[in-house]
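To start, the structure itself, in structure tokens.
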Amino acid sequence: QVQLVESGGGLVQPGGSLRLSCAASGSIFRINFMGWYRQAPGKQRELVASSISNGDTNYADSVKGRFTISRDNLKNTVYLQMNSLKPEDTAVYYCRGLGHHDYWGQGTQVTVSS
């Protein structure tokens with residue numbers, strides 16, 4: 001079993017940046033899919049960014065050009081660099097690892113407000 005723990009959330013002004021981290025308790029090398037999701041109040045959880053073990057990455061249209069996902073297999077950590085943040089980015093952000101099992105973190109709150 002792998003546990004995922006997110007960190008790095010907080011309150012930031014519009015236009016600011018945050019970097020989220022998702023630390024795994026075990027190796028993520030064999031976890032094919034690592035993704036960041038978010039869920040705003042009253043809305044469904046949505047996929048924000050994903051990283052496949054072959055190096056491919058994908059982004060939701062709403063964050064393209066502003067967010068960057070990266071994975072460090074040596075540190076067993078996945079990152080989400082978020083730049084030019086907007087109020088509509090406010091949500092709880094979750095990390096997910098999908099391989100033979102489906103792993104989720106507990107989430108970290110991101111609030112974008114002046």
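In what follows, residues are counted from 1 in the order of the sequence shown.
- A pairwise comparison of heavy atoms in Ala40 and Ala91 identifies N-CB, 3.8 Å as the closest pair.
- Looking at heavy atoms from C-beta onward, Phe33 lies in side-chain contact with Ile52 at the 4.5 angstrom threshold.
- Side chains of Leu20 and Met82 form a contact here, defined as non-hydrogen atoms less than 4.5 Å apart.
- Nearest heavy-atom pair across Ala23 and Thr77 is CA-OG1, 4.1 Å.
- Ser17 meets the side-chain hydrogen bond (donor to acceptor under 3.5 Å, both in side chains) test with Asn83; sequence neighbours excluded.
- No continuous path of ILVMFWY side-chain contacts below 4.5 Å connects Leu18 to Tyr79, so the two sit in separate hydrophobic clusters.
- Pairs passing the disulfide bond (SG atoms under 2.5 Å apart) check and including a residue from residues 49-93, sequence neighbours excluded, do not occur.
- Taking the side-chain contact (heavy atoms from CB on, under 4.5 Å) definition, one finds that Asn58 meets it with Ser50, sequence neighbours left out.
- The shortest side-chain heavy-atom distance between Val92 and Thr108 does not fall under the 4.5 Å cut-off.
- In this structure the side chain of Gln106 reaches within 4.5 angstrom of the side chain of Val5, judged on heavy atoms.
- The two residues Tyr93 and Glu6 make their nearest non-hydrogen contact at O-OE2, 4.0 Å.
- Sorted by first and then second residue, the salt bridge (Lys or Arg N to Asp or Glu O under 4.0 Å) pairs with a member in residues 91-108 read Arg96-Asp102; sequence neighbours excluded.
- Screening residues 12-30 for salt bridge (Lys or Arg N to Asp or Glu O under 4.0 Å), with sequence neighbours left out, gives no hits.
- When all heavy atoms of Lys86 and Val112 are compared, the closest pair comes out as O-CB, 3.2 Å.
- Remark: Tyr37 pairs with Trp104 by the ring pair (Phe, Tyr, Trp, His ring centres under 6.0 Å) rule, at least two apart or across chains.
- For residues 46-114, the disulfide bond (SG atoms under 2.5 Å apart) pairs, not counting sequence neighbours, are Cys22-Cys95.
- At a threshold of 4.5 Å between non-hydrogen side-chain atoms, the residues Gln39 and Tyr94 count as touching.
- With sequence neighbours excluded, the residues that form a side-chain contact (heavy atoms from CB on, under 4.5 Å) with Asp61 are Lys64.
- Linking Ile, Leu, Val, Met, Phe, Trp and Tyr residues whenever their side-chain heavy atoms come within less than 4.5 Å places Leu98 and Leu47 in a single cluster.
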Identify each donor-acceptor pair in which a side-chain atom of residues 65-74 lies under 3.5 Å from a protein atom, sequence neighbours left out, and give them as a table.
from	atom 1	to	atom 2	distance (Å)
Arg66	NH1	Ser84	O	2.9
Arg66	NH1	Asp89	OD2	2.8
Arg66	NH2	Ser62	O	2.8
Arg66	NH2	Asp89	OD1	3.0
Arg66	NH2	Asp89	OD2	3.4
Arg71	NH1	Asn32	O	3.4
Arg71	NH1	Ser51	O	3.2
Arg71	NH2	Ile28	O	3.0
Arg71	NH2	Ile31	O	2.8
Asp72	OD1	Leu74	N	3.0
Asp72	OD1	Lys75	N	3.1

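- The side-chain hydrogen bond (donor to acceptor under 3.5 Å, both in side chains) test applied to Thr111 returns Gln109, not counting sequence neighbours.
- Of all heavy-atom pairs between Ser114 and Pro14, the closest is N-CD, 3.7 Å.
- Other residues, nucleotides and ligands contribute at most 12 non-hydrogen atoms within 6.0 Å of the CD atom of Gln44.
- Within the structure, the salt bridge (Lys or Arg N to Asp or Glu O under 4.0 Å) test picks out the following pairs touching residues 41-52 (sequence neighbours left out): Arg38-Glu46.
- Sorted by first and then second residue, the disulfide bond (SG atoms under 2.5 Å apart) pairs with a member in residues 35-76 form an empty list; sequence neighbours excluded.
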